[in-house]
Number of protein chains: 2
Amino acid sequence: MGKTPSAPTLNDVAKAAGVSTATVSRCLNSPDRVIETTRQRVMQAVESLGYTPNFAARVMAAKRSFTIGAIIPTMDNAIFARGLQAFQDQLREDGYTLLVSSSAYSPEVEKEQIRALVARGADGLLLIGHEREEQIYQYLEKHRVPVLVAWSYAPERLQPSVGFSNKGAMRDLAHTVVDAGHRHIAMISGILQGNDRAQNRVSGVRDAMRSRGLDPAALTLIEAPYEIEKGASAFAELMSRAPRPTVVMCGNDVLAAGALREARSRGIAVPDDVSITGFDDIELAEIVSPALTTVHVPHREMGRKAAQELIAIVEGRSEGQSVCISTTLVTRQSLARPSGR
Amino acid sequence: MGKTPSAPTLNDVAKAAGVSTATVSRCLNSPDRVIETTRQRVMQAVESLGYTPNFAARVMAAKRSFTIGAIIPTMDNAIFARGLQAFQDQLREDGYTLLVSSSAYSPEVEKEQIRALVARGADGLLLIGHEREEQIYQYLEKHRVPVLVAWSYAPERLQPSVGFSNKGAMRDLAHTVVDAGHRHIAMISGILQGNDRAQNRVSGVRDAMRSRGLDPAALTLIEAPYEIEKGASAFAELMSRAPRPTVVMCGNDVLAAGALREARSRGIAVPDDVSITGFDDIELAEIVSPALTTVHVPHREMGRKAAQELIAIVEGRSEGQSVCISTTLVTRQSLARPSGR
DNA sequence: TTGTATGCGTTATCAA
DNA sequence: TTGATAACGCATACAA
C-alpha cells in the first residue's frame, strides 16, 4: 500500500484529472483545442503530480523532437564557444533545444556522434565545415535529417551553409601583410587534413602572394593543432629557419597567442623583430600583448543566422539557403612593417 | 513499387536476414547469445541496410540510455571547457554519450534543461555547484536520475560532489597576498547570487584576512559576471576609490584578464602599481602579460574523476562518494609586494 | 539457440 | 469537445 514514488505518466495525470490520456496530451500540446474548465483541472493534476512528458515516447509517437544537434570539433578553447552560444540562444527563442557534442577533430568520433544525435531524434544537425565522408551525407538523407554547415561558406556544395569565406578573409589579411612590405612570410596553419576551413585559409595566403607577384611556393608552412602550446612550438621552429620570416600568419588566434608567448619568452620583440597575425578575433586577441591584428568573424551573427536557417529548413519553410557572413580586418599592434635591415 | 527510401527498422533487418526481430536485437546487444552463422547473416543485413537503432524506442523499451547529461553555466569562455572535455573523454571510454547544455547562469534555464535531459532519458546528470531549488532535487529523485555535483566539494550535502574547496583555495591565495604585505585588498567576485563557488571564494578571502588580524569587513567587493569586459569595468571602478587598493583579487582568470587589460589601457603598471590575482589557471593566465598568479585547478583530473564516479553511481556500483581534488597556488608575475609609499 | 508476444508512454486518427 | 485505440521501434520474459 502507499503511493508509487516513481515518475508519473500521462495515464496517471489522466486518472487524477478524471479525463482520458488524449485530453491530457491535448492540454499540453494544443491547449486551445480543449475547454477552459477541463484544462484547468488537467493542469492542476500535472502540477501536483510533477509530471514531465517522457521524451522518448513523445519522439516515437510524434516523429519530431524539437531538438537540434550540433557537433563541433572542440570545446577546449573559445573558437566555437561564442557562435554556439548564439546558436543556442536563437534556438531557445524558437522553442528548440540544443544538444552539443565535440568530436575532438576526429572524423571517427564525429561519425559516431552524428549517429547518436540522429538516433536520438534530432530534427536537424549543425556541422562544422563540409568535408566528411560522402556516406555520412547519404546516411543523413536516408534518415531525413537536414544538415546545415557553419563556419564555412560554400554555396556550390549540396548542403546549405551559413558562414564566411575563409579564403577571402585570409586573402585580404595577407594582402595587408604583403603591402606592409613583408616578403618572407611564414604560416602556422591548423591541421589541413579533413579541415576545409584551414585549407582555404592557406589558399587565401597563397592567392594574395600570387596576386602581388610573390611565389606562393615560397610560403613556409607548418601545420599544428589549434592549441596554444602547439602554436608556441611551431613558432619556435620557424624562428630557427633561415631566412627567418618577418611575419608569421597564424591559422587562428589561439595559435597566434602561442606564437606570441613563445616570442616573449625568447626575447623576440613583436612586431619589431617579427609580426604575428591571427584569425577569429576571439577575446584572446585583444588581451594578449601586443594585441593581435586579426580577422574579425562575427560569430554571434553567424550562430543566430545558422539557427534561423536550420529551423526554417526543419520546418519546411526553406529549401536550404546559404548565407555569407562578412568578416572584417582588425588592425592592432602585432603587425607592422618589417624592420629595414 | 520501388523501395521505401526511409530509415530501416529492426523489422526490416529481421526480414532481410530471415530471422525474428528478437534475434536481431540480441545480435546487437548481446552478441554471444546468438550463434555465429546467424549473427553474420544479421550483421550483413544491418550493414547493407545502413540500419541504426532508434534511440527513443530503445530507451523506452530498456529504460536505459547510456547517456549522461551535463549542464554548465556557460560555454562562452574556457572555464568549463577543459574539465568538460575530460569528462566526455572518460564517458566515451566507458561507452556513454555526453549531452551538454548551457544555462547562461540562469536558474530558470537550468531547471528547464534539467527537465529536458531527464525527459530524454539521461541515466545521470552532472551539475555545477550545489545551490539550486530543493524542488529540483526532489524532481530528480522522483525520476530516479542520479546527480553528481562538480566544481565544488561539499561532502556534507546530500548530493555527492567531485570538486575542490573553493574557500580553502582562495584562502591560501589570500594568505599569500596578505603575507606579501598587502593591506588594502579589493576583490572582483563573480555574481554571488545562486553561485556557491563564488560565495566560497569570497569567504576564503575574508577568512584569510581575519586569521591575519585584518578586518574582513574592510574588503572592498564588487560583483561582476565572468566576462572580460566586466572585469575591466570593475577594475576601473576600483581604481577610482580611495584608498586605492594595492591588490585586486579576482574571482577567476577571466575577470583578472579584464582587469589586466584595463590596467594596461590606463597606464597602471602591474604589479608595480597594483597586483592582480586570478583563479582557475586556464591557459589565459599564462598568456596575459604579466602572467597571472592564480589558483591552479586540475580540471582534467576533476572531469575524469567525476565521470568515473557518476558512472559508478548510475551502474549501482557506488552510493555516491564525494571526491576532493586538491588545488595548488601558481605564482607568476602579477602579484608582488605593494610599492612602499 | 530462436521465435512469439507484450509493454514502454506518447501522439494522432477516427468516432462519438 | 472528448474518448478509444492503433501505431511508433525496440527489448525482454517466456515458450518452443
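All values derive from a computational prediction rather than experimental measurement. Every chain is numbered from 1, with letters handed out A, B, ... down the list of sequences.
- When the side-chain nitrogen and oxygen atoms of T23(A) are compared with OP1 and OP2 of dT2(D), none of them lie within a distance under 4.0 Å.
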- Decide yes or no on salt bridge (charged side-chain N to carboxylate O under 4.0 Å, His left out) for K111(B) and E108(B), but give the supporting numbers first. CA-CA 5 Å; K111(B) 194 164 157 187; E108(B) 305 310 314; 5.3 Å; no

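- The closest side-chain donor-acceptor pair between R157(B) and S152(B), if any, does not fall under 3.5 angstrom.
- Of the candidates dG3(C), dG3(D), dT1(D), dT1(D) carries the atom nearest the I35(A) side chain, counting heavy atoms from C-beta on.
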- Query: Could you write nucleotides 9-15 of chain C as a row of B, S and -, 5' to 3', where a protein heavy atom under 4.0 Å of any base atom gives B, of only sugar-phosphate atoms gives S, and otherwise -?
  - Reply: BBBB---

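- As rounded to whole Å, 23 Å separates atom P of dA7(D) from atom CZ of R64(A).
- Checking Q85(B) against S102(A) by side-chain atom types alone, a donor-acceptor pair falls below 3.5 Å.
- When only modelled atom types and interatomic distance are considered, E309(A) and S318(A) share a side-chain donor-acceptor pair under 3.5 Å.
- Residue V59(B) is classed as having no contact, given no heavy-atom separation below 4.0 Å to the nucleic acid.
- Between the side chains of T21(B) and N11(B), no donor-acceptor pair of N or O atoms lies under 3.5 Å.
- At the phosphate of dT1(C), neither OP1 nor OP2 sits under 4.0 Å from any side-chain N or O atom of T38(B).
- Between the side chains of Q44(B) and Q40(B), no donor-acceptor pair of N or O atoms lies under 3.5 Å.
- Residue S20(B) places no side-chain N or O under 4.0 Å from the OP1 or OP2 atom of dT2(C).
- Rounding to whole angstrom units, CG of residue L49(B) and P of dG9(D) are separated by 14 Å.
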